[in-house]
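Read the structure below first, then the notes.
In listed order, ligands and their atoms are each counted from 1. All values below were derived from every heavy atom in this structure, side-chain atoms included, with hydrogens, water molecules and symmetry-related copies excluded.
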Amino acid sequence: MIHAEPFEARLVAARPLSPFVRELSFERTDARAFHFQPGQWVNLVLPLPSGEVKRAYSIASAPDGSPRFDLAVTRVEGGAGSELLHQLAPGATLRAIGPHGLFTRDPGDPAPSLFVATGTGVTPLRSMLHASLRAGAAPHLWILFGARFEEDIIYREELEALARSSDRIRYEITLSRGAPAWPGRRGYVQAHVPALYRELAAASGDPAPHVFICGLDRMVSSVRELARNELGVPRKHVHVERYD
Ligand SMILES: Cc1cc2nc3c(=O)[nH]c(=O)nc-3n(C[C@H](O)[C@H](O)[C@H](O)COP(=O)(O)OP(=O)(O)OC[C@H]3O[C@@H](n4cnc5c(N)ncnc54)[C@H](O)[C@@H]3O)c2cc1C
């Protein structure tokens with residue numbers, strides 16, 4: 001069990017992942033290792049003109065014993081916290097508290113899993129995926145990512161490369177408002193979960209793969225219901241994290 005603690009973090013790098021998502025790489029200013037479990041999140045204390053607010057962000061990178069960690073923040077229209085983070089200049093420091101959260105996956109876990117995410121909900125799953133690969137575990141890990149438009153797909157090249165590197169990793173994208181030329185899946189993630197889950201069970205030889213679901217509440221609740229009621233996934237095999 002890793003206990004949450006307050007610490008100071010410096011923004012050391014930032015890059016756009018899509019028109020609305022900015023990746024921010026932070027480092028603890030005390031140079032101590034930041035220990036966390038893949039899937040956990042940190043609270044950032046944000047100095048707004050109206051006072052300090054805390055906002056939670058999933059850790060997008062895998063734990064590697066360094067002081068560094070990455071976050072990916074969606075700019076929410078009229079959202080003061082996310083707007084501040086989209087403007088934060090490298091070199092700036094913030095207070096952070098963490099790690100927090102029970103939406104975790106042991107890097108050495110051999111159980112096959114279907115990862116279902118929309119938007120920046122893919123970040124804790126990215127951490128789990130890298131951690132599993134680093135641990136040398138080779139379970140079937142299949143990612144189903146949903147976005148509205150092609151330009152909203154984040155970490156695409158990286159995840160495509162990982163999927164090419166291993167026949168146990170599969171990466172599927174579905175767009176709810178894809179352009180006519182989009183050759184891939186369409187619609188919400190919900191439409192694709194049942195068939196992918198059954199395929200994963202067959203491919204892995206495990207009748208009850210785990211399902212990890214992360215994103216906004218409407219999607220998470222809907223996929224969770226589907227997993228439990230339509231697919232009969234055991235309660236303990238369904239893991240969820242909601243952003244709103
Ligand atoms: C456990 C946890 C982990 C989270 N991890 C992330 C993360 O990795 N990346 C990230 O961008 N956000 C994440 N969030 C959401 C984040 O904490 C903030 O709620 C978000 O940045 C909005 O804050 P704000 O101050 O800009 O807007 P606010 O004024 O606080 O909120 C405005 C509205 O935005 C909605 N909202 C919150 N998150 C999103 C979103 N991602 N997309 C669209 N609408 C949203 C809220 O429901 C609210 O109605 C996480 C939340 C939780 C609880």
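Although no hydrogens or angles enter the test, the distance criterion places no donor-acceptor pair under 3.5 Å between the side chain of R186 and the main chain of L175. Between the side chain of D244 and the main chain of D217, a donor-acceptor pair closer than 3.5 Å is present.
Ionic pairing of E83 and R75 is not present here: no N-O contact between side-chain nitrogen and carboxylate oxygen is shorter than 4.0 angstrom.
The closest heavy-atom contact to atom 5 (N) of ligand 1, among the options W41, F20, Y243, F103, comes from Y243.
Nearest protein neighbour of atom 50 (C) of ligand 1, counting heavy atoms only, is A56 O, 3.1 Å. Among protein heavy atoms, atom 21 (O) of ligand 1 sits closest to Y57 OH, 2.6 Å. The protein heavy atom nearest to atom 28 (P) of ligand 1 is R55 NH2, 4.1 Å. When hydrogens are left out, the protein atom nearest atom 8 (O) of ligand 1 is S58 N, 3.1 Å; that is the closest non-hydrogen contact. From the protein, the heavy atom lying nearest to atom 11 (O) of ligand 1 is T74 N, 2.8 Å. Atom 53 (C) of ligand 1 has its closest protein heavy atom at R242 O, 3.5 Å. In terms of protein heavy-atom proximity, atom 29 (O) of ligand 1 is closest to G79 CA, 3.9 Å. Counting only heavy atoms of the protein, atom 22 (C) of ligand 1 lies nearest to V76 CG2, 4.0 Å.
D70 and S25 share a donor-acceptor pair across their side chains, judged by distance under 3.5 Å alone. Side-chain polar atoms of H86 and R22 form no donor-acceptor pair below 3.5 angstrom. D206 and S204 are not linked by any side-chain donor-acceptor pair at a separation below 3.5 angstrom, with hydrogens and angles left out of the test.
When each atom of ligand 1 is checked for a heavy atom of T123 under 4.0 Å away, the hits are 8 (O). Per-residue contacts place A72 under 4.0 angstrom from the following atoms of ligand 1 (heavy atoms of the residue considered): 7 (C), 8 (O), 9 (N), 10 (C), 11 (O). Of all atoms in ligand 1, numbered sequentially from 1 with element shown, those under 4.0 Å from a heavy atom of V73 are 11 (O). Interface of S82 with ligand 1, defined as ligand atoms under 4.0 Å from a residue heavy atom, comprises 21 (O), 24 (P), 25 (O), 26 (O). The contact set between ligand 1 and T120, taken as ligand atoms under 4.0 Å from a residue heavy atom, comprises 9 (N), 10 (C), 11 (O), 41 (N).
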**Prompt:** Checking ring pair (Phe, Tyr, Trp, His ring centres under 6.0 Å) for the pair F103/F212: CA distance, chi angles, key distance, verdict?
**Reply:** CA-CA 8 Å; F103 180 73; F212 289 79; 5.8 Å; yes
**Asked** Stepwise, does the ring pair (Phe, Tyr, Trp, His ring centres under 6.0 Å) test hold for F34 with F7?
**Response** CA-CA 10 Å; F34 183 42; F7 59 93; 5.1 Å; yes
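When non-hydrogen atoms are compared, ligand 1 lies under 4.0 Å from the side chain of L216 (C-beta onward) but not from its backbone. For P124, no heavy-atom contact with ligand 1 is shorter than 4.0 Å.
By the neighbour-count criterion of 12 heavy atoms within 6.0 Å, atom CZ of R28 is densely surrounded, having more than that number from other residues, nucleotides or ligands. Counting non-hydrogen atoms of other residues, nucleotides and ligands closer than 6.0 Å to CZ of R218 gives a total of 12 or fewer. By the neighbour-count criterion of 12 heavy atoms within 6.0 Å, atom CZ of R95 is sparsely surrounded, having that number or fewer from other residues, nucleotides or ligands.
Ligand 1 lies within reach of A80, whose nearest heavy atom is under 4.0 Å from it.
Distance check on atom 31 (O) of ligand 1: every protein heavy atom falls at or beyond the 4.0 Å cut-off.
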